[in-house]
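Below is one structure; the comments refer to it alone.
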Amino acid sequence: MSRLLRVELRRYRARRVALWVGIGLVGVVVLSTVVAGFDARPPSAAAIRQARVSYQQQAAQWATDGDQIVSDCLASQQADPNPDADHGCDQLAPTLDQFLPAVQHFFPPADPSSVTGASADGGSVDPAIRQVDTSMWRRFGGLAALDDLAPVFLFAVFLVAVSFVTAELASGAIGLWLTFVPGRTRVFWSKAGAAATWAVPLVVVAFALAAAGSYAAYAVVGTVGSAPDGVVGDIAAFTGRLAVAGAAVALAGVALGMLLRHAAAAIGVAAAWLGAETIFRWGMGDLQRWLFSVNLSAWLHGGEVYTTDRCVPSDTGMSCTTVEHLVTPVQGGLFLLGVTAVLSLAAYLVFRRRDVA
């Protein structure tokens with residue numbers, strides 16, 4: 001089996017589609033670096049001067065009307081039926097920071113206290129949800145682009161894996177190959193293993209290049225910022241989970257290719273499924289927990305939070321509260337494992353019995 005796997009690894013590397021996808025990923029990395037360079041630029045001197053002028057105008061207006069605005073705010077707060085209501089009346093005065101253009105950093109300062117929301121029982125935020133939200137917050141700024149690129153890398157892996165098997169099925173070369181290696185079990189799993197093996201360095205190298213390019217773009221203009229505690233570990237963990245997800249997606253691509261026999265059909269089915277999830281997700285309520293995209297995100301990001309509306313009758317009709325629910329990375333990983341295993345087993349059984357001519 002190991003010898004056959006080495007042969008399939010060489011055949012995978014020699015495929016023209018793999019070369020073109022690799023070139024395409026290089027282009028994506030270069031483009032993301034260029035975009036990061038534009039995002040990293042600090043505001044111009046002209047923008048800062050305009051911000052100061054706007055602030056001075058608002059400060060002058062506040063000197064005239066500020067007392068009345070605060071008085072109206074306090075009256076509204078006192079009239080609020082919620083005795084704990086805080087309308088922020090002591091924070092209405094304009095400050096210069098409100099007008100200065102924002103400076104985006106590669107490592108923005110994390111502020112866990114900014115995470116708010118309702119727990120499943122309507123109380124304070126669940127600590128597990130807070131941890132996921134805080135970790136996601138660390139990836140804002142320059143790091144956000146790295147999250148956005150992960151689906152592109154996974155799609156590239158899926159595309160090559162599908163093409164790897166459908167090209168041989170469409171041309172009939174698989175039948176000739178089986179005359180040299182008559183064991184269909186060995187042939188199927190060697191192809192699946194080759195696709196999964198190549199997927200790992202493909203996504204890891206692409207992600208590392210994108211991260212290095214983005215970091216360099218921010219370092220050139222001096223807007224890297226300070227790394228929050230633990231964020232480097234978060235990035236390392238994300239990279240490892242992305243590698244595992246890449247292998248799983250490659251296995252799914254091989255399985256769909258074997259089942260549908262045509263690359264366009266396999267890619268179309270996957271695209272249609274994910275598109276349907278995107279369109280109908282917000283109307284699915286708690287069924288969102290079992291969507292592929294939700295579980296993939298939970299695995300990649302160490303958890304995924306989705307929301308549902310809890311509505312109860314009230315004096316004015318229906319009163320609705322947004323409730324947050326957590327999908328853990330364990331569930332996300334097990335879901336990906338289950339989907340990959342089911343597809344691979346189905347494809348293997350079909351391949352063993354189907355005419356490949």
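Because the structure is predicted, anything quoted here is derived from the model rather than measured.
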- Worked verdict on Q98 versus Y55 for side chain to side chain contact (heavy atoms under 4.5 Å, CB included): CA-CA 8 Å; Q98 295 172 347; Y55 165 69; over 6 Å; no

- Mind telling me whether Y12 and W198 have parallel, tilted or perpendicular rings, with 30° and 60° as the class edges?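 W198 vs Y12 ring planes: parallel.
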
- Query: Mind checking whether W189 and Y348 have parallel, tilted or perpendicular rings, split at 30° and 60°?
  - Reply: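 Geometry flag for Y348 against W189: tilted rings.
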
Rounded to the nearest 0.5 Å, what separates atom [atom1] in [X] from atom [atom2] in [Y]?
X: E8; Y: R186; atom1: CD; atom2: CZ; answer: 10.5 Å
X: L260; Y: T166; atom1: CG; atom2: OG1; answer: 10.0 Å
X: L169; Y: M258; atom1: CG; atom2: CE; answer: 5.5 Å
X: Y306; Y: L326; atom1: OH; atom2: CG; answer: 9.0 Å
X: M284; Y: I279; atom1: CE; atom2: CD1; answer: 12.5 Å
X: W299; Y: E304; atom1: CH2; atom2: CD; answer: 15.0 Å

- Item | Inter- and intrachain pairs under disulfide (SG to SG under 2.5 Å), touching residues 29-71, at least two apart |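 For residues 29-71, and leaving out neighbouring residues, there are no disulfide (SG to SG under 2.5 Å) pairs at all.
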
- Item | Residue pairs, two or more places apart or on separate chains, that pass disulfide (SG to SG under 2.5 Å) and touch residues 44-93 |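 Applying disulfide (SG to SG under 2.5 Å) to every pair that reaches into residues 44-93, excluding sequence neighbours, yields C73-C89.
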
For a 4.5 angstrom cut-off between non-hydrogen side-chain atoms, does [X] reach [Y]?
X: V294; Y: R281; answer: yes
X: L25; Y: V29; answer: no
X: F155; Y: V249; answer: no
X: V21; Y: L159; answer: yes
X: V160; Y: R15; answer: no
X: T185; Y: R352; answer: yes

- Item | Same apolar cluster: I235 and L209, side chain cutoff 4.5 Å |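 Different clusters: I235 never reaches L209 through Ile, Leu, Val, Met, Phe, Trp or Tyr contacts under 4.5 Å.
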
- Message: For D309 and T322: C-alpha separation, side-chain torsions, deciding distance, then whether side chain to side chain contact (heavy atoms under 4.5 Å, CB included) applies.
- Response: CA-CA 5 Å; D309 290 333; T322 299; 3.5 Å; yes

- Does F351 have R184 sitting over its ring (NZ/CZ under 6.0 Å from centre, angle to axis within 45°)?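 Yes; both conditions hold, so R184 lies above the ring face of F351.
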
- Of the non-hydrogen atoms in L343 and A252, which two are nearest, and what is the gap between them?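 Shortest heavy-atom contact: CD1-CB, 4.1 Å.
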
- Item | Smallest separation among heavy atoms of A250 and A161, with atom names |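 Looking at all heavy atoms of both residues, the shortest contact is O-CB, 3.4 Å.
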
- Message: Applying side chain to side chain contact (heavy atoms under 4.5 Å, CB included) to I267 and L256, what does each step give before you reach the verdict?
- Response: CA-CA 8 Å; I267 295 171; L256 283 177; over 6 Å; no

- Message: Does F207 have more than 12 heavy atoms from other residues, nucleotides or ligands lying within 6.0 Å of its CZ?
- Response: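 Counting neighbours around CZ of F207, more than 12 heavy atoms of other residues, nucleotides or ligands fall under 6.0 Å, so yes.
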
- Message: Quick test of your reading: applying salt bridge (Lys or Arg N to Asp or Glu O under 4.0 Å), list the pairs with at least one residue in residues 66-82, sequence neighbours left out, ordered by first then second residue.
- Response: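 For residues 66-82, and leaving out neighbouring residues, there are no salt bridge (Lys or Arg N to Asp or Glu O under 4.0 Å) pairs at all.
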
- Hey, mind stepping through F153 and L149 against side chain to side chain contact (heavy atoms under 4.5 Å, CB included) and telling me if it holds? CA-CA 6 Å; F153 300 151; L149 290 175; 3.9 Å; yes

Side-chain H-bond candidate by donor/acceptor type, [X] with [Y], under 3.5 Å:
X: H325; Y: T308; answer: yes
X: Y218; Y: D39; answer: no
X: S293; Y: E277; answer: yes

